[in-house]
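Below: one structure, written as structure tokens.
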2 protein chains.
Amino acid sequence: MNDTALRIKQTALRLFTEYGFEGTSLSDIAQSVGIKTPSIYAHYKSKEQLFIRLVEDVITEERDKWLQIMDGEDARGRSAKERLRMLFDFFTDFTGMSAGQSFLKRTMLVPPRGLEERIRADIIAYEETLSSFLRGLLREAEAEAGVEKPADRGEQQIAVFYALIDGLLVEFQLYDAATHRKRIEAVWDWLWEGITRGG
Amino acid sequence: MNDTALRIKQTALRLFTEYGFEGTSLSDIAQSVGIKTPSIYAHYKSKEQLFIRLVEDVITEERDKWLQIMDGEDARGRSAKERLRMLFDFFTDFTGMSAGQSFLKRTMLVPPRGLEERIRADIIAYEETLSSFLRGLLREAEAEAGVEKPADRGEQQIAVFYALIDGLLVEFQLYDAATHRKRIEAVWDWLWEGITRGG
DNA sequence: TCATCTGCCTAACGAACGTTAGTTAGTTAA
DNA sequence: TTAACTAACTAACGTTCGTTAGGCAGATGA
């Protein structure tokens, strides 16, 4: 992947995230990259294919990112609580490095016409990887916190975890950074208290 | 508002919700209504204005709906827990009557270009009404459940409530009805346990 | 050195978009 | 009965869209 192709992809990610697939034209992308519209076709054979490639690549990159975070030296030796918080932070940091998360969620909520099923399938598969990892981490966190009746709350916790991070993304659109930051903290406190509460 | 104008609005609500503003053309709407495209202009002066009217009307209708539910005879005499659950159901029943909720959330996440600020302001004002109502209901629920230290968890509870219902909407796109129903139940149980947990 | 390849360009295409103008049939009101 | 109004229509407008064709400069490799 050469330099221009990469810049097209990065720009497309930003614009698709902000305005959606139909709300972003190839000329928007080209202008922002600094090339003429037809030059995009030297790198991607259609707008639709650019989008599909983007979804696939973003999924791969995001997965690599949090896998690496969880496997990095920062995470080693930390408690399960701390590692869970790192993961929570990763999925609720919509401003920073993880613009890909916003893109995926928005794409899921308003997918391009005709690509609904394909995208849904890709994202479900992605989330399955995450769920699997989460299950282990949550069990670890419960054990660490000395929860008496861990029972099989796993799926409930995962459902809540997803609902919370997805919900925070929606609200991120609505509120200023300070308000949003406070809400993230409130939600995390609540989440952690719930996990340590036991069943 | 005559019959055709109403049908245009209802159809637009459905199509805008499914495909977004830019993803829905006036000819899509006209065809679905059973009229020719320019006939829309007999009722709305532009596509943008149709959308704005739709947002305003949906906000008014949705607010009226849950206010009426909370004020209706079904709610009278019920416990705060039951009433909170009724509200929770209202905001997580995306299949049924409350298509307006999906429309508002999606519009918030991917607003039409140029209308971002206007829509944001409208929805924030709407949510403020809801927050105000929720505050009272949550306090009532805490008192009813005999929570010892109600402290000032109000804002935290509201943040969690919003995050959960917004998150469930995003996930509704992803999972089948049965899975989603299970997740809703799991999330509610968690929410209620958290409320009665106390601070 | 010369042929090939690459990445970008300009020009232009047909299709679809939102919108306006002008017309017509049906209803309402004087 | 006739005038005015309403809500739909057909025709057509200019613009923008995604896309294709063809050319040209610079880098690459034999």
Side-chain angles (χ1 to χ4, degrees), chain A residues 1-58 103 106-107 110-119, chain B residues 1-57 103 106-107 110-116 118-119:
Chain A
M1 162 139 350
N2 69 45
D3 184 58
T4 305
L6 185 63
R7 278 165 59 224
I8 291 173
K9 232 179 52 182
Q10 289 168 335
T11 304
L13 173 64
R14 181 169 52 83
L15 293 178
F16 283 150
T17 301
E18 192 156 3
Y19 304 115
F21 180 76
E22 285 91 353
T24 303
S25 68
L26 290 182
S27 64
D28 289 334
I29 297 171
Q31 190 166 21
S32 185
V33 170
I35 56 176
K36 302 295 176 180
T37 310
S39 302
I40 293 175
Y41 285 81
H43 305 277
Y44 303 93
K45 72 183 260 284
S46 72
K47 185 186 182 187
E48 204 171 80
Q49 220 222 22
L50 165 61
F51 191 84
I52 290 171
R53 276 285 302 277
L54 195 52
V55 171
E56 292 171 351
D57 291 359
V58 166
F103 170 72
R106 287 181 198 213
T107 295
V110 188
R113 296 182 87 149
L115 296 182
E116 294 92 346
E117 272 318 300
R118 167 153 200 179
I119 284 165
Chain B
M1 164 142 342
N2 70 44
D3 185 57
T4 304
L6 185 63
R7 279 166 56 226
I8 290 173
K9 230 178 54 181
Q10 289 168 334
T11 304
L13 173 64
R14 182 168 52 81
L15 294 178
F16 282 150
T17 301
E18 193 156 3
Y19 305 115
F21 180 76
E22 285 92 352
T24 303
S25 69
L26 290 182
S27 66
D28 288 335
I29 297 171
Q31 189 166 20
S32 185
V33 169
I35 58 176
K36 301 294 176 180
T37 310
S39 302
I40 293 175
Y41 286 81
H43 305 277
Y44 303 93
K45 71 183 261 284
S46 71
K47 185 187 182 186
E48 205 171 78
Q49 220 221 23
L50 165 61
F51 191 86
I52 291 172
R53 277 285 302 279
L54 194 52
V55 171
E56 291 172 352
D57 291 359
F103 171 72
R106 287 182 200 214
T107 295
V110 187
R113 296 180 86 147
L115 297 181
E116 293 92 346
R118 168 151 200 182
I119 284 166

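Every chain is numbered from 1, with letters handed out A, B, ... down the list of sequences. Only a predicted model underlies this, so the values are computations on that prediction, with no experimental measurement involved.
We find that CD1 of B:I29 is positioned 17 Å from P of C:dA16, with the value rounded to whole Å. For the pair B:I8 CD1 and D:dA7 P, the interatomic distance rounds to 11 Å; values are reported in whole Å. For the pair B:L15 CG and C:dC17 P, the interatomic distance rounds to 12 Å; values are reported in whole Å. Note: OH (A:Y44) to P (D:dT20) measures 17 Å, nearest angstrom. Remark: C1' of C:dC17 and CD1 of B:I40 are 12 Å apart, rounded to the nearest angstrom.
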Please produce a list of atom pairs where a protein N or O lies less than 3.5 Å from an N or O of nucleotides 15-19 of chain D.
| residue | atom | partner | partner atom | Å |
| --- | --- | --- | --- | --- |
| D:dC17 | OP1 | A:S25 | OG | 3.3 |
| D:dC17 | OP2 | A:S27 | OG | 3.4 |
| D:dG18 | OP1 | A:L26 | N | 3.4 |
| D:dG18 | OP1 | A:K47 | NZ | 2.8 |
| D:dG18 | OP2 | A:L26 | N | 3.0 |
| D:dT19 | OP2 | A:Y41 | OH | 2.6 |
| D:dT19 | OP2 | A:K47 | N | 2.8 |
| D:dT19 | O5' | A:Y41 | OH | 2.9 |

Interface polar pairs with nucleotides 4-8 of chain C, N/O, under 3.5 angstrom:
| residue | atom | partner | partner atom | Å |
| --- | --- | --- | --- | --- |
| C:dG7 | OP1 | A:N2 | ND2 | 3.0 |
| C:dC8 | OP1 | A:T4 | OG1 | 2.4 |
| C:dC8 | OP2 | A:H43 | NE2 | 2.4 |

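Screening B:D28, B:V33, B:L6 for a side chain to side chain contact (heavy atoms under 4.5 Å, CB included) with B:T11, the sole residue that qualifies is B:V33.
Of the inter-residue distances, the one linking B:Q49 atom CD with B:L54 atom CG reads 12.0 Å to the nearest 0.5 angstrom. Put simply, CD1 on A:I8 and CG on A:D3 are 10.0 Å apart, with the number rounded to the nearest 0.5 Å. Here the straight-line distance linking atom CZ of A:R14 with atom OG1 of A:T24 works out to 10.0 Å at 0.5 Å rounding.
Contacts of A:T37 classified as side-chain hydrogen bond (donor to acceptor under 3.5 Å, both in side chains), with partners at least two apart in sequence or in another chain: none. Residues meeting the ring-ring contact (aromatic ring centres under 6.0 Å, His included) test with A:F51, sequence neighbours left out: A:F16, A:F21, A:F103. For B:R118, the side-chain hydrogen bond (donor to acceptor under 3.5 Å, both in side chains) test picks out B:E56, with sequence neighbours left out. Annotation: side-chain hydrogen bond (donor to acceptor under 3.5 Å, both in side chains) contacts of B:S27 (sequence neighbours excluded): B:S25.
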